[in-house]
Every structure is written in C-alpha cells, then in structure tokens.
Amino acid sequence: MGSYESTLVQREERIKKVLNLEEPDRVPFAPKIGNYYARGYDISIYDAMKDIRNIWPGVKGFLEDFSPDLAWAPVLYPADPPELMQSTYLKCPGPNSGLPLNASFQIHDKCYLMDEEYKEFLHDPTHFFLTKVYPRKFDGLKGLSKLRFNNPVEYSLYIELSNFADPEVQTALETLKRGGEAAARWLGGLGYITGEIAKLGFPLGAAGAQTCPFDMFGDNIRGFLNTINDVYDYPDELLAAVEYMTPICIHNAVNTAKANNLEYMFIPLHGGIDEFMSPDNYKKFYWPGLKALMMALIDIGVTPYVFCEGKYNRRLDIISDVPKGKVIYMFEEVDIAEAKRIVGQTACICGNLPNALLAYGKKERVIEETKKLLDICAPGGGFIMDCSIVLDEANKENMEAWVNTTRELGKY
C-alpha cells in the first residue's frame with residue numbers, strides 16, 4: 001500500500017496540470033474502464049451485477065497492473081432492482097433473461113411518451129412520469145397508472161385515496177420498497193469499492209454521472225430515435241421538454257457532486273453526434289442545456305468530464321465555448337489533430353485510441369497508434385491518454401504495450 005500512497009500526489013499533480021493545459025512530468029494514463037474490470041480478471045458480469053463488491057478483485061488487479069493516474073469506479077447496473085421491478089427495457093445477464101453470465105447488460109431503446117402525449121407531459125411532467133413512464137418501464141409498477149397526484153382538492157383526496165386499496169397499486173408500492181432496498185445494498189457496495197480505491201492512493205475519476213437535458217429526455221422518456229426525429233417533427237414540443245429537463249439535470253448533478261464531495265462529473269453525450277443533427281440544430285436543441293449543466297458544475301468547483309460519443313468533427317468550435325482549463329473532453333471518433341487545435345485551446349482532451357485495436361489488434365499497431373496520439377496531442381500539455389469508449393474487452397499484452405509506450409514516450 002505504501003508504494004501506492006507515495007505516488008498519489010504525483011498523480012493528482014499530473015491531472016491538475018493537464019486540466020490547466022500545462023505540461024506535467026509525463027502524459028497521464030487514465031483509460032475509462034467498464035466491463036474490463038470483470039472480463040480482464042475472470043469475474044462474470046452476472047456476479048458483478050448481483051453484488052458489485054464481487055468486482056473489487058478486478059478493480060484492484062487493474063490498479064496494480066496498470067497504475068492509472070485516475071481510477072474509474074465500476075460502470076455497472078445493479079441486477080436486482082430492475083429484475084425485482086420487472087424492467088421492460090433493461091436486460092441483465094443470468095437465468096432470468098437468458099443472456100450468458102458474461103454478457104453485457106442490454107438497454108433497449110423504447111418510447112414511453114407517444115406523439116399525442118406531448119401536451120399531457122408538458123402540462124404536468126412529474127405526474128406523467130409517475131403514472132405513465134414508470135408503469136411502462138416496469139411491469140411490476142403497472143399499478144401506479146391508477147394513481148393521481150395532481151389534484152390538491154381536499155375532498156377529492158379522500159376519494160382518490162381509495163385507489164391505494166387496489167391490489168395492483170399495493171403490489172406496485174411493495175415492489176418499489178423491495179427495489180429500493182436492493183438499490184441501497186448496491187449503492188453500499190459501490191461505496192465500499194470507491195473507499196478501497198482511495199485507500200490504495202488512487203484519485204477517483206468521475207465517480208458520479210449525469211446526462212445532459214436532451215439525452216435525459218431521449219434516453220428515459222421519449223426514446224432515443226424518436227427524440228432525434230422530433231428535431232424535425234415536433235421541434236417546439238422538444239424544445240419545451242429540454243427546457244424542462246435542464247433544471248432537473250442541474251439539480252441532480254450539483255446535489256450529487258456536493259453530497260459525495262466529487263471532483264469530476266461524467267457527462268456521456270448520446271444524441272449529439274455529427275450524423276444525428278446539423279451544427280445549427282446542435283446549437284439550438286443540444287448545446288444550451290449541456291452548457292448550462294457544465295457551467296453549474298464549474299460554478300461549484302467540479303470538473304465536467306464530458307464524453308463525446310461517436311463522431312464529433314462538426315461540433316468542435318461549439319463545444320470550445322467553455323471557460324479555459326475547467327473541462328475535460330473525451331472523444332470516441334474525431335480528427336484528433338483538429339480537436340487538439342480547436343478544443344485544446346480551452347479544454348483538456350483525451351480518448352480516440354480505438355478499443356477494437358486493444359481487443360483484437362497486434363501489439364505493434366497499438367504502439368504505433370499510441371505514438372501518433374502522443375505526437376499530435378502531447379505537445380503543450382492538456383492531454384490524457386485514454387481509449388475511444390468505455391473499455392470492456394482488451395488483450396492484456398496490448399494493454400501493457402499501450403501503458404508502457406505512454407510512459408516511455410510521454411515524458412516532457
């Protein structure tokens with residue numbers, strides 16, 4: 001443990017300098033890790049999702065093997081809450097779903113707000129969520145559709161209170177109770193792991209996450225593909241929905257960061273890629289909510305750790321409009337030289353090394369691509385070595401070549 005603790009200050013200093021767009025002693029190595037904590041260390045995804053503490057040996061093994069400059073908390077859903085509530089959209093590996101024990105969890109894109117329901121949603125979004133979205137997302141919560149929460153008249157209250165005697169409503173409430181207890185156990189296990197990471201002397205990366213307003217609405221209510229189409233089919237309604245989601249996103253992110261004393265907040269961007277909307281529509285529907293979320297975090301001293309999923313070549317000038325030295329942008333697929341030239345003037349950048357190369361490529365190619373990234377992005381600082389997406393699969397020999405090349409050639 002002592003050897004880990006002796007390098008904690010160095011790790012923190014490296015990240016601090018690149019965030020400030022300066023050159024540290026070497027390029028930090030901080031890949032974002034997903035299922036690799038399990039698959040790379042012979043732990044089934046099923047076991048990890050049933051009790052997240054089961055993944056700790058994999059997390060510890062990764063830290064010992066590769067000594068990253070930031071450690072990522074495990075990115076896994078808990079299996080028990082969605083299964084107890086009979087989720088209609090999230091499938092977990094194991095006997096209840098038929099998925100192999102080592103398969104990834106699957107999130108199905110579904111619509112919980114129909115075209116004709118936009119007006120009803122915008123009139124009372126919270127009531128719509130409780131009585132329409134939850135019952136549609138979880139079969140065990142169908143009884144909530146019989147409840148009414150938006151009538152403040154006292155006499156009506158006692159009439160509508162009778163709905164709680166309905167067996168289906170009582171089943172839904174009992175299901176919520178059991179789901180909440182399971183979620184609390186999972187959250188306790190996650191807290192144990194992040195505590196152990198800290199004991200080993202590794203600074204935590206983004207231990208909290210928040211989607212931006214557009215994605216929060218699309219991922220959880222309207223459906224991803226429907227929301228993209230709404231840019232053209234229902235633009236006014238979509239704008240109103242995104243405006244409603246914006247303060248909710250900000251409230252959630254700020255409260256989570258404060259409650260857990262976070263330094264970073266992970267913001268994955270799902271719907272803003274080049275193929276899904278023009279730059280003008282990005283500036284109209286996507287960027288205002290995202291920027292408001294980032295600024296709210298920056299105002300309380302938290303660094304937005306923003307993951308630009310997919311292609312982001314047509315957004316670089318837009319996302320550069322942030323305070324200098326206050327944001328980290330990860331890229332999955334981008335012209336990294338342009339990202340360095342444009343975004344790198346105001347924000348730290350990372351990512352873009354293909355995950356497929358780490359999983360299936362030859363070691364020589366890994367070394368070659370790592371060198372290219374260092375040649376383009378390392379000069380002047382403001383760069384973290386990272387992979388293109390959350391890492392699930394990797395050849396260990398390739399991982400070793402990647403980290404060793406970064407440390408040997410990434411010195412300043």
Side-chain angles (χ1 to χ4, degrees), residues 85-90 107-164 166 168-169 172-173 175-176 210-253 267-273 276-278 280-293 296:
M85 296 190 297
Q86 301 172 53
S87 172
T88 64
Y89 73 99
L90 177 65
I107 300 177
H108 299 172
D109 183 45
K110 292 190 175 185
C111 178
Y112 306 102
L113 185 160
M114 306 304 132
D115 293 358
E116 65 275 11
E117 293 178 325
Y118 249 120
K119 185 177 180 180
E120 180 185 354
F121 169 77
L122 292 171
H123 174 69
D124 192 344
T126 299
H127 187 263
F128 188 93
F129 200 82
L130 287 170
T131 61
K132 294 285 181 69
V133 177
Y134 271 165
R136 292 169 181 173
K137 296 184 84 167
F138 303 96
D139 283 341
L141 302 183
K142 284 183 177 179
L144 295 182
S145 64
K146 298 181 177 182
L147 299 178
R148 189 177 179 190
F149 298 99
N150 59 356
N151 189 344
V153 177
E154 181 179 337
Y155 184 77
S156 297
L157 167 66
Y158 296 111
I159 294 174
E160 290 160 8
L161 201 62
S162 65
N163 289 326
F164 285 90
D166 187 299
E168 195 172 24
V169 173
L173 296 176
T175 299
L176 273 174
Q210 174 64 56
T211 49
C212 69
F214 186 98
D215 291 333
M216 190 178 192
F217 179 68
D219 292 351
N220 302 289
I221 301 173
R222 179 63 172 147
F224 180 79
L225 294 178
N226 286 325
T227 306
I228 296 299
N229 289 328
D230 286 350
V231 168
Y232 304 98
D233 296 336
Y234 299 99
D236 294 338
E237 291 85 349
L238 178 58
L239 273 178
V242 171
E243 288 174 2
Y244 172 79
M245 304 308 288
T246 298
I248 295 177
C249 283
I250 291 172
H251 176 82
N252 290 347
I267 306 175
L269 307 183
H270 300 152
I273 65 175
F276 285 157
M277 62 181 78
S278 67
D280 285 342
N281 281 333
Y282 185 92
K283 286 189 283 188
K284 180 178 181 180
F285 293 93
Y286 203 90
W287 177 244
L290 171 58
K291 185 177 181 182
L293 172 61

How long is the straight-line distance from CE of M216 back to CG of L293, given to the nearest 0.5 Å? 10.0 Å

Got a sec, which pairs hit ring pair (Phe, Tyr, Trp, His ring centres under 6.0 Å) with one end in residues 139-161, sequence neighbours left out? none

Within a strict 4.5 Å, meaning less than it, do heavy atoms of the T126 and Y244 side chains meet? yes

Distance from F285 atom CZ to L290 atom CG, nearest 0.5 Å? 15.5 Å

Distance col, row I228:CD1 vs M277:CE, nearest 0.5 angstrom, shows 4.0 Å

With no hydrogens and no angle check, is any side-chain donor or acceptor of T88 less than 3.5 Å from a backbone partner on R136? yes

For K137, the salt bridge (Lys or Arg N to Asp or Glu O under 4.0 Å) test, sequence neighbours excluded, returns none

Closer than 3.5 angstrom, by distance alone: can the side chain of E120 be matched with the main-chain N or O of E117 as a donor-acceptor pair? no

Of the non-hydrogen atoms in T246 and A292, which two are nearest, and what is the gap between them? CG2-CB, 4.1 Å

Tell me if a side-chain donor or acceptor on D215 pairs with a main-chain N or O of T211 at a distance below 3.5 Å. no

Tell me whether H123 at atom NE2 has more than 12 heavy atoms from other residues, nucleotides or ligands lying less than 6.0 Å away. no

Check: F121 ring centre within less than 6.0 Å of F217 ring centre: yes

Measure from the ring center of F224 to the ring center of F276 and say whether it is less than 6.0 Å. yes

Straight-line distance of F128 CZ to Y118 OH, nearest 0.5 Å: 10.5 Å

With heavy-atom distances below 4.5 Å as the criterion, would you say the side chains of S156 and E160 are in contact? yes

Heavy-atom closest contact (C212 atom, C249 atom, distance): C-SG, 3.7 Å

Once salt bridge (Lys or Arg N to Asp or Glu O under 4.0 Å) is applied, do any residues pair with E243, and if so which ones, sequence neighbours excluded? none

Could you grab the distance from atom OG of S162 to atom CG of L157, nearest 0.5 Å is fine? 10.0 Å

All heavy atoms of T175 vs all of G140, minimum pair found to be OG1-O, 3.6 Å

Residues T131, L144; criterion side chain to side chain contact (heavy atoms under 4.5 Å, CB included); working and verdict: CA-CA 5 Å; T131 61; L144 295 182; 5.7 Å; no

For residues 231-239, which side-chain N or O atoms pair as donor and acceptor with protein atoms under 3.5 Å away, sequence neighbours left out?
{"unit_1": "Y234", "atom_1": "OH", "unit_2": "D115", "atom_2": "OD2", "d": "3.4"}

Return yes if some donor-acceptor pair links the side-chain N/O of N163 with the main-chain N/O of L147 below 3.5 Å, else return no. no

Between CZ of R222 and CE of M114, what distance do you get to the nearest 0.5 Å? 8.0 Å

Any residue meeting side-chain hydrogen bond (donor to acceptor under 3.5 Å, both in side chains) with K146, in chain and number order, not counting sequence neighbours: D166, E168

Side chain to side chain contact (heavy atoms under 4.5 Å, CB included) involving F129 - partner list, sequence neighbours excluded: V133, Y134, I221

